[in-house]
Amino acid sequence: MTAATGQPAVDLREPAGWRRVKNQVATTAMWVAFAAVLVPLGFVLYTVISKGASAISWTFLTGGPIPPNVLPAGTGGMGPAVIGTLEITGLAAVMAVPLGILGAIYVNEYGGNRLLARVVRFMADVMTGVPSIVMGLFIFSIWVLHFGYSGLAGAFALGCLMLPVVIRSTEEMLKLVPNALREGSYALGATKARVTLTVVLPAAIAGTVSGSLLAIARAAGETAPLLFTILTVTSTNANVFSGANTALSAQIFANATQPYLGAQSRAWGAALTLIAIAFILLIVARFVTARFTRFSS
Amino acid sequence: MSAVAQADPAAPAGSAHPLSHRRPLGDRLFAILAAAAGVLVLVILALIAASTSQQASSWFSTEGWSVFSVDWNPGTNSFGAMSYVYGTVITAAIAIILAVPVSLAIALLLTEVVPRRWAQPIVYVIDLLAVVPSVVWGLWGILVFAPWLQHIYASIASGLTGIPVLDSLFGAPVSGASFFTAGIILAFMITPIVTSLSREVIATVPAIDKEGAYALGATRWEMITGAVWPHSQGGIVGAVMLGLGRAMGETIAVALVIGASPVITSHLFAAGYSMPAVIANQFGEASGEFRSALIGLGVLLFVITIAINLVARGVVERSSRRKRGA
Amino acid sequence: MDQPEPTVATSTQLPKPAALQAASPQDEAYAPSGRPVFDAKGVSIFYSSFRAVTDVSLTIYENEITAFIGPSGCGKTTVLRTLNRMNDLIPGARVEGNVHYRGASLYGTGVSPIAVRRRIGMVFQKPNPFPKSIYDNVAYGPRINGQRNKAKLDDIVEHSLRQAALWDEVKDRLNKSGLGLSGGQAQRLCIARTLAVEPDVVLMDEPCSALDPIATGRIEDLMHEIKSRYTIVIVTHNMQQATRVSDRTAFYSVLRDEKSDTRTGVLVEYGRTQQIFEDPQDSRTQAYVTGRMG
């Protein structure tokens with residue numbers, strides 16, 4: 001390397017101090033923000049696990065009926081609530097997921113740029129923002145007043161919450177399916193329904209399943225819609241279609257304000273159970289996305 | 001090219017000539033079914049509006065404009081909603097003030113600072129935050145968080161006695177279950193959605209703009225303020241508004257930690273109430289006009305959140321249109 | 001929304017825009033000093049374990065326009081981006097060998113990429129004005145370097161836009177968005193933005209490939225005007241452009257490794273533009289410049 005004569009030495013060090021400081025402060029602030037959510041989350045999970053673990057047992061998860069609040073921990077169990085959560089959320093999923101997928105198929109495959117399709121897409125978006133308590137009041141006004149409290153009413157309310165979420169997430173997945181796949185199927189003489197059901201939907205199935213699982217996880221944890229539709233009782237109701245019912249979320253709400261330690265302990269146990277259910281669904285959803293998102297391997 | 005026989009089970013054999021324009025019955029039915037599912041969304045929204053308004057109509061007609069008064073007393077059959085509206089607005093405002101900087105910071109962390117490989121754990125944490133049910137936040141809030149906060153509030157309040165503005169905001173009366181506690185818990189709950197929406201918005205900033213800023217010798221923060229922010233402004237405003245809507249509608253966690261005391265006060269550490277909270281807490285024992293009033297609060301909530309949603313999406317639409325050229 | 005390019009006379013020699021008449025007195029007595037600005041020795045560039053470019057050695061001289069030409073995938077843009085440490089932004093990118101800028105090692109310890117990029121600017125293939133006003137676009141660089149004085153900023157903005165031959169067209173709408181300009185104007189805005197920080201070197205990555213011939217001509221004129229004050233390195237896939245604007249040309253090509261089926265960029269020949277195009281020493285160069293390859 002020839003060092004040219006008379007060239008001034010070049011200074012390539014860091015720029016003025018305050019610019020570097022501003023950059024550092026900004027980056028540090030971002031990490032602090034992350035800590036600001038990580039710490040409380042950790043604290044909540046820790047509390048639920050430690051307080052709930054002591055209440056959990058096989059009797060707790062399957063036994064019933066749910067005892068009166070004054071009774072200490074260890075008596076009775078939350079079985080009715082577990083069954084209630086599973087049957088009501090399950091029924092809601094059975095109603096909302098297929099309808100949601102069909103709705104997404106309409107918006108993305110059939111609707112095109114027509115006004116109706118655009119309105120439906122827009123309104124589905126808006127509907128995701130409707131508060132869950134409003135859904136509960138809605139089902140109360142339109143169903144419970146005429147047909148009484150039941151698990152079915154609760155399932156309707158949860159279903160209404162899930163429907164727009166399933167539509168939107170499925171629609172996103174359908175949009176990602178390359179058009180070449182559709183054209184290949186049409187070129188073989190398939191009808192549109194056949195193309196959609198045998199080629200497009202399977203290609204989008206991973207994202208659709210995981211989106212639906214996330215919607216179910218959220219619905220399982222909902223309380224407000226159930227308050228107006230199932231009339232929280234204390235014994236198992238295997239008939240989800242008629243008669244009042246109960247669920248973990250509703251029970252936690254009922255117990256949370258009780259001064260009795262037994263009731264509180266049962267609430268923690270129910271909370272741990274609920275989080276475990278939601279957590280499992282979340283993990284399965286992420287696993288499905290990671291493992292199966294491929295259109296053309 | 002051989003003619004592929006259409007094995008469509010819904011069509012009776014031989015009815016669909018391969019070159020005719022008539023779609024087989026099954027295909028048409030499916031299309032109608034799909035459209036019906038889509039229209040179901042509109043039907044449900046319309047029914048929500050209709051049925052709840054109908055239930056609330058007796059409240060609206062009895063109270064008239066005094067639905068917005070502060071006098072809520074089931075005993076005297078007067079139901080003015082103002083204190084609940086106030087509580088809803090205040091707690092949502094606190095939640096937004098706390099959550100937006102944190103959410104934006106995390107969104108920037110994920111898009112600009114952390115390499116792709118290391119972003120996954122952070123995303124998992126945010127996912128986990130989103131999946132904690134509202135009632136669990138409320139349970140933890142009322143049994144663990146609020147009592148702890150009470151001590152902190154008390155010390156802050158005693159330290160601020162006498163100071164003009166701060167005392168009326170943060171001074172006595174002080175309660176663990178209060179506006180502020182509800183606001184904090186709401187902030188935890190809306191952070192995931194504001195973060196993930198902001199992330200989506202920031203991800204649409206073209207890489208070439210970021211390179212342009214770096215090529216001028218910008219530090220990362222300068223690149224963010226110069227190239228990322230102008231592009232993302234509108235989308236982020238929309239994301240914040242959607243978070244606001246979510247905060248206003250959140251029921252159970254707030255019902256448990258807000259203190260169940262319908263007052264309008266500037267003291268943020270005092271117990272208060274909100275629309276969804278009072279509906280959840282008192283619906284069980286309500287009947288007649290009381291119940292109509294509670295459902296009416298639900299109608300108000302519905303209208304407010306729909307309005308916020310519409311405006312938010314309008315803002316996002318307009319900003320993404322403007323971004324494509326003056 | 002789009003501003004049409006003003007029509008020009010049909011002669012091949014575009015008239016020098018009036019704005020550039022009032023340039024510095026150096027223009028009339030252009031005499032490059034011959035000092036080296038960049039000295040690259042044995043430079044290889046890797047993306048993780050993939051060797052993208054191998055063993056490049058050349059010297060870039062002050063106040064000259066140097067062109068990098070070659071077929072696609074030959075690494076000319078990769079080498080260009082090494083000169084202002086823009087490859088740092090790509091995870092896994094790594095440089096071996098020596099790159100010296102005016103005597104200082106560009107990749108030595110303690111060297112700040114930010115300081116490097118302030119001195120060595122870059123114009124990109126696709127114009128990328130920020131979604132800000134024209135004024136704020138040009139003022140962005142000086143502002144982040146601490147210049148706050150409004151009067152001085154006004155001066156800098158005007159001077160830079162004049163150098164980029166854009167002042168007359170935008171002086172009445174400095175507050176309008178930079179996104180509303182035509183392709184050629186937007187690229188000149190990006191050039192003005194780069195010049196506003198008073199760099200030493202301007203790197204250009206195929207700056208005209210997204211522009212029509214008239215806009216291209218204006219930018220080539222611009223390059224001639226400013227080269228007495230800056231050192232310019234331009235990557236181009238247009239050989240005629242290289243002959244029109246550059247003093248020296250570096251021809252890169254691709255080495256194919258049959259075993260691993262990888263392609264690595266390599267510098268084939270470097271010299272004065274006239275020599276490269278009229279009397280190339282390497283047969284690959286000759287094949288490329290006569291159009292038989294690439």
Side-chain angles (χ1 to χ4, degrees), chain A residues 19 22-23 26-27 29-30 33-34 36-38 40-41 44 47-48 99 102-103 105-107 110-111 119-120 123-127 129-134 137-138 141-142 160 163-164 188-189 191-194 217 221 223-224 227-228 249 252-253 256-257 264 267 271 274-275 278-279 282, chain B residues 4 6 8 24 26-27 30-31 33-35 37-38 40-42 44-45 47-48 51-52 55 102 105-106 108-109 113 122 125 127-129 131-136 138-140 142-144 188 191 219-221 242 245 249 251-252 256 276 279-280 283 295 298 301-302 305-306 309-310 313:
Chain A
R19 284 177 70 194
K22 258 204 306 196
N23 198 36
T27 313
M30 293 183 207
F34 179 57
V37 299
L38 184 62
L41 176 67
V44 173
T47 315
V48 170
L99 284 175
L102 273 175
I105 287 177
Y106 171 69
V107 166
Y110 284 87
V119 168
V120 168
M123 281 306 172
D125 254 342
V126 166
M127 194 173 165
V130 173
S132 60
I133 192 174
V134 172
L137 291 173
F138 161 53
S141 311
I142 207 173
C160 286
L163 182 67
L188 291 168
T191 60
K192 190 159 188 169
R194 191 160 277 259
T223 316
L227 292 180
F228 312 99
S249 49
I252 300 174
F253 183 57
T257 45
Q264 290 180 7
L274 200 52
I275 285 201
F279 192 53
L282 175 68
Chain B
V4 176
Q6 266 193 5
D8 193 320
D27 193 43
F30 185 73
L33 202 57
L40 185 61
V41 168
L42 307 178
I44 291 179
L45 281 174
L47 282 180
I48 295 177
S51 63
T52 49
Q55 287 293 313
V102 168
I106 298 179
L108 286 172
L109 196 64
V113 176
I122 301 182
V125 168
D127 271 346
L128 212 47
L129 197 64
V131 97
V132 174
S134 171
V135 71
V136 174
L139 178 70
W140 174 76
I142 191 65
L143 292 183
V144 176
F188 290 142
T191 295
T219 60
R220 181 168 52 222
W221 178 246
L242 290 174
T251 308
I252 293 299
L256 287 171
I279 303 174
F283 200 79
I295 298 188
L301 204 54
F302 182 59
T305 48
I306 295 273
N309 252 273
L310 291 176
R313 301 202 186 270

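Order of the sequence lines sets the chain letters (A, B, ...), proteins ahead of strands, with each chain counted from 1.
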(request) Considering only heavy atoms and a distance below 4.5 Å, find which of A:L38, A:V44, A:T257 pairs most often with chain B. (result) A:V44
(message) At a heavy-atom distance under 4.5 Å, which candidate from A:I133, A:L227, A:V134, A:I142 has the highest pair count against chain B?
(response) A:I133
(request) Locate the shortest heavy-atom distance separating B:T305 from A:P131; write the atom from each residue and the value. (result) OG1-CD, 3.4 Å
(message) Quick check for you: among B:V102, B:V41, B:L109, which has the greatest number of heavy-atom pairs under 4.5 Å with chain A?
(response) B:L109
(message) With a 4.5 angstrom heavy-atom cut-off, is it the side chain or the backbone of B:I279 that approaches chain A, or both, or neither?
(response) both
(message) To the nearest 0.5 Å, what is the distance between CE on A:M123 and CG on B:L310?
(response) 6.0 Å
(message) Taking side chain as everything from C-beta outward and backbone as N, CA, C, O, which of these in A:L99 sits under 4.5 Å from a heavy atom of chain B? Side chain, backbone, both or neither.
(response) both
(request) Select one option (side chain, backbone, both, neither) describing which atoms of B:V144 are under 4.5 Å from chain A's heavy atoms. (result) side chain
(request) Between chain B and each of A:S141, A:G129, A:A217, count heavy-atom pairs under 4.5 Å; write down the option with the most. (result) A:S141
(request) Could you check which of A:G221, A:S132, A:A33 has the highest count of heavy-atom pairs closer than 4.5 Å to chain B? (result) A:A33
(request) Below 4.5 Å from any heavy atom of chain A, which atoms of B:I48 appear? Answer side chain, backbone, both or neither. (result) both
(message) Looking only at heavy atoms and a cut-off of under 4.5 Å, which of B:G245, B:G138, B:G38 has the most pairs with chain A?
(response) B:G38
(message) Please identify, among A:V126, A:V107, A:L163, A:L274, the residue contributing the most non-hydrogen atom pairs under 4.5 Å to chain B.
(response) A:V126
(request) Please look at B:T52 and chain A and tell me whether the side chain, the backbone, both or neither of the residue comes under 4.5 angstrom of a heavy atom of that chain. (result) both
(request) Counting only heavy atoms closer than 4.5 Å, note whether A:A271 contacts chain B via side chain, backbone, both or neither. (result) both
(message) To the nearest 0.5 Å, what is the distance between OG1 on B:T219 and CZ on A:R19?
(response) 6.0 Å
(request) Under 4.5 Å heavy-atom distance to chain A, tell me which part of B:R313 shows up: side chain, backbone, both or neither. (result) side chain
(request) Work out which heavy atom in A:Y106 is nearest to a heavy atom in B:A34; give both atom names and the distance. (result) CB-O, 3.2 Å
(message) Return the OG to CG distance between A:S249 and B:L139, rounded to the nearest 0.5 Å.
(response) 12.0 Å
(request) Check A:A224 against B:I252 and note the closest heavy-atom contact, atom names and distance. (result) N-CG1, 3.8 Å
(request) For B:A280 and A:F228, work out which heavy atoms get closest and say how close. (result) CA-CZ, 4.4 Å
(message) Quick check: closest heavy atoms across B:V113 and A:M30, and the distance to 0.1 Å?
(response) CG2-SD, 3.7 Å
(message) Report which part of B:F188 has an atom under 4.5 Å of a heavy atom belonging to chain A: side chain, backbone, both, or neither.
(response) side chain
(message) Would A:T191 and B:F30 count as a side chain to side chain contact (heavy atoms under 4.5 Å, CB included) here? Give the steps.
(response) CA-CA 11 Å; A:T191 60; B:F30 185 73; over 6 Å; no
(request) Name the option with the most non-hydrogen atom pairs under 4.5 Å to chain A; the candidates are B:A35, B:G249, B:G298. (result) B:A35
(request) Using non-hydrogen atoms and a 4.5 Å limit, figure out which bit of B:L143 sits close to chain A: side chain, backbone, both or neither. (result) side chain
(message) Can you tell me which of B:I142, B:V135, B:N309 forms the most heavy-atom pairs within a distance under 4.5 Å of chain A?
(response) B:V135
(message) For A:I252, which atoms come within 4.5 Å of any heavy atom of chain B: side chain, backbone, both, or neither?
(response) both
(request) Could you tell me which portion of B:V125 (side chain, backbone, both or neither) has an atom closer than 4.5 angstrom to a non-hydrogen atom of chain A? (result) both
(message) Report which part of B:L129 has an atom under 4.5 Å of a heavy atom belonging to chain A: side chain, backbone, both, or neither.
(response) both
(request) Sort A:L137 into side chain, backbone, both or neither according to what part of it lies under 4.5 angstrom from a heavy atom of chain B. (result) both
(message) Does any part of the side chain of B:L256, heavy atoms only, come nearer than 4.5 Å to the side chain of A:F253, both counted from C-beta?
(response) yes
(request) To the nearest 0.5 Å, tell me how far B:D127 CG sits from A:F279 CZ. (result) 10.0 Å
(request) Against chain A, label B:L45 side chain, backbone, both or neither, depending on which of its atoms sit under 4.5 Å from a heavy atom there. (result) side chain
